[in-house]
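Please read all numbers here as calculations on a predicted model, not as lab measurements.
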Amino acid sequence: MFNFLIKQMKVLVIGAGNMGLTYATGMSKSKLLKKRNIMVLDKSKEKLEEVNQIAYFDAIDRIEDCVPQADIIFLAVKPYHAEELFQRMKKLVNPEQLFISIMAGVTINYIQESLGIKKVVRAMPNLPAQVGKGLTSYVSAEEVSRLELFMVEGLLDTTGKSLRVKNEKFIDASTGISGSGPAYVFYFMQSMMEAALQMGFSENVSKVLVSQTFTGAVELFNQNSHNPDTWMEMVASKGGTTRAALDSMEDNNVNELIKEAAFAAFGRAVELGEEY
């Protein structure tokens with residue numbers, strides 16, 4: 001029954017930016033939806049030309065031609081475009097439509113009041129969704145049914161994994177961990193690559209050394225129940241090279257600095273939410 005219902009759905013993605021196209025592409029490659037049941041709306045001619053190169057989508061430039069026909073609408077525009085977009089959409093939506101927002105900081109209540117609707121899911125994806133390894137945390141309004149939540153989870157899982165959280169506070173918190181987190185990893189990778197270059201390795205070799213180290217460490221972590229502290233102890237022998245590196249990080253308070261960075265992202269997400 002679930003598979004039959006979702007296959008009949010028409011999905012509209014508003015915003016053909018990185019994350020909008022990521023979800024549109026993920027859904028198009030899954031077996032959840034019928035071909036041509038995905039519409040992508042954007043006001044940029046360049047973006048629509050890009051969308052037109054992808055055979056699975058209907059690229060649309062007029063909001064009137066797609067919003068009324070959609071069963072599920074992904075809101076994937078920048079938050080500062082929300083007010084203008086909602087003013088144009090309000091007369092075109094209906095209370096049976098389900099809205100999934102990936103706009104950072106824009107609250108469920110703001111979307112409900114701006115559009116005059118109730119069925120809203122707020123989600124926070126991250127960049128690895130582009131390669132099917134994303135993590136999307138989400139929370140829903142009370143008016144979203146259990147069956148609709150199954151549909152939402154199925155669609156979000158086309159780009160990796162989804163995680164339902166208790167309330168919108170945890171959406172902001174997940175922004176500081178998983179949403180912004182890939183940038184922290186890239187920051188650490190960049191620092192390690194720069195160190196490798198200074199040690200005399202070529203750029204290509206430095207990239208391989210660092211990327212494979214991260215890939216292997218993550219795989220070890222995922223395939224075992226050990227926590228990070230245990231893994232560090234397994235690598236670091238007393239008086240050895242790894243212990244020297246870890247001691248240096250402890251002396252320089254790196255642990256606290258990383259946590260401060262995560263809370264800075266969390267705090268900014270809360271600030272954005274206060275604007276909506």
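- The backbone N or O of L127 sits nowhere less than 3.5 Å from a side-chain atom of Q130 that would complete a donor-acceptor pair.
- No donor-acceptor pair closer than 3.5 Å links the side chain of T158 to the backbone N or O of G154.
- Atom CZ of F263 has 12 or fewer heavy atoms from other residues, nucleotides or ligands within 6.0 Å.
- When only modelled atom types and interatomic distance are considered, Q190 and E194 share a side-chain donor-acceptor pair under 3.5 Å.
- Here E148 contributes atom CD and S140 contributes atom OG; the two are 9.0 Å apart, rounded to the nearest 0.5 Å.
- Between E96 and K119, at least one side-chain nitrogen of the basic residue sits less than 4.0 Å from a carboxylate oxygen of the acidic one, meeting the salt-bridge criterion.
- Considering all non-hydrogen atoms of both residues, G20 and V13 come closest at O-CG1, 3.6 Å.
- Linking ILVMFWY residues whenever their side-chain heavy atoms come closer than 4.5 Å, directly or via other members, leaves V270 and I177 in distinct clusters.
- Note that CD1 of I14 and CD1 of I102 are 11.5 Å apart. Values are rounded to the nearest 0.5 Å.
- A salt bridge does not link K47 to D61: none of the charged side-chain nitrogens sits closer than 4.0 Å to a carboxylate oxygen.
- Side-chain atoms of T213 come within 3.5 Å of backbone N or O of L209 as a donor-acceptor pair.
- The cluster map of Ile, Leu, Val, Met, Phe, Trp and Tyr, joined by side-chain heavy atoms under 4.5 Å apart, puts L135 and F214 in different clusters.
- Salt bridge present: E233 and R243 bring a charged side-chain N and a carboxylate O closer than 4.0 Å.
- In this structure a side-chain-to-backbone donor-acceptor pair under 3.5 Å is missing from N252 to V254.
- Across V139 and N167, no two heavy atoms sit closer than the pair CG2-CA, 3.8 Å.
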Item to complete: Check the pair L32, M27 against side-chain contact (heavy atoms from CB on, under 4.5 Å), reporting the backbone distance first and the verdict last.
Response: CA-CA 7 Å; L32 290 174; M27 290 185 288; over 6 Å; no
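- In the hydrophobic clustering of ILVMFWY residues, with side-chain heavy atoms under 4.5 Å counting as a link, L272 and V106 come out apart.
- Residues S137 and S174 have side chains that bring a donor and an acceptor to within less than 3.5 angstrom of each other.
- Summarising the geometry, atom CG belonging to L85 is positioned 13.0 Å from atom OH belonging to Y80; distances are rounded to the nearest 0.5 Å.
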Fill in: From CA spacing to verdict: side-chain contact (heavy atoms from CB on, under 4.5 Å), F74, L156
CA-CA 11 Å; F74 274 78; L156 296 180; 4.2 Å; yes
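- Under a hydrophobic-cluster definition in which Ile, Leu, Val, Met, Phe, Trp and Tyr are linked whenever side-chain heavy atoms come within less than 4.5 Å, directly or via other members, V210 and F188 are assigned to the same cluster.
- In this structure the side chain of Y23 never reaches within 4.5 angstrom of the side chain of V11, judged on heavy atoms.
- Heavy atoms from other residues, nucleotides or ligands lying under 6.0 Å from CD of E271 number more than 12.
- When side chains are defined from C-beta on, E83 counts as touching Y110, because their heavy atoms get closer than 4.5 Å.
- Listed for the D42 side chain is no donor-acceptor partner under 3.5 Å among the backbone atoms of L48.
- Counting heavy atoms from C-beta on, the side chains of L149 and E153 never come closer than 4.5 Å.
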Practice prompt. Report the C-alpha separation of E64 and L92 in whole Å, then their side-chain angles, then the decisive distance to 0.1 Å, and conclude whether the side-chain contact (heavy atoms from CB on, under 4.5 Å) test is met.
Written response: CA-CA 7 Å; E64 297 83 1; L92 302 171; 4.2 Å; yes
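- S162 and D157 get closest at one heavy-atom pair: OG-OD1, 2.7 Å.
- Nearest approach of Y184 to A261, heavy atoms of both residues: OH-O, 4.0 Å.
- The side-chain heavy atoms of L21 and E50, taken from C-beta on, include a pair separated by under 4.5 Å.
- The main-chain N or O of A244 is never found under 3.5 Å from a side-chain atom of S248 such that the two would form a donor-acceptor pair.
- In terms of modelled atom types and a separation under 3.5 Å, the side chain of D58 and the main chain of M39 share no donor-acceptor contact.
- Annotation for F86: atom CZ counts as buried by contact number, over 12 foreign heavy atoms lying within 6.0 Å.
- Note that CG of N126 and NZ of K161 are 12.0 Å apart. Values are rounded to the nearest 0.5 Å.
- W231 and M192 sit in two unconnected hydrophobic clusters of ILVMFWY residues. Membership requires side-chain heavy atoms under 4.5 Å apart, directly or through other members.
- A donor-acceptor pair is defined here as one N or O able to donate and one able to accept, closer than 3.5 Å; such a pair exists between the side chain of S28 and the backbone of T25.
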Worksheet item: What's the verdict on side-chain contact (heavy atoms from CB on, under 4.5 Å) for L33 and L155, showing C-alpha distance, side-chain angles and the deciding distance?
Response: CA-CA 9 Å; L33 298 169; L155 294 175; 4.2 Å; yes
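- In terms of heavy-atom proximity, A265 sits nearest to G176 at CB-CA, 3.7 Å.
- In this structure, the side chain of D172 does not engage the main chain of F266 through any donor-acceptor pair within 3.5 Å.
- Residues E203 and L197 meet the side-chain proximity criterion, which asks for heavy atoms closer than 4.5 Å.
- Residues M232 and D229 have side chains in contact (heavy-atom distance under 4.5 Å, counting atoms from C-beta outward).
- Proximity of a side-chain donor or acceptor of Q97 to a complementary backbone N or O of V67 within less than 3.5 Å is detected.
- To the nearest 0.5 Å, atoms CD1 (I73) and SG (C66) are separated by 8.0 Å.
- Between E168 and I108 the shortest heavy-atom distance is OE1-N, 3.1 Å.
- Note that the CZ atom of R122 and the CG atom of N109 stand 11.5 Å from one another [nearest 0.5 Å].
- Residues M89 and L75 have side chains in contact (heavy-atom distance under 4.5 Å, counting atoms from C-beta outward).
- Proximity of N37 to M9: side-chain heavy atoms (C-beta onward) are nowhere separated by under 4.5 Å.
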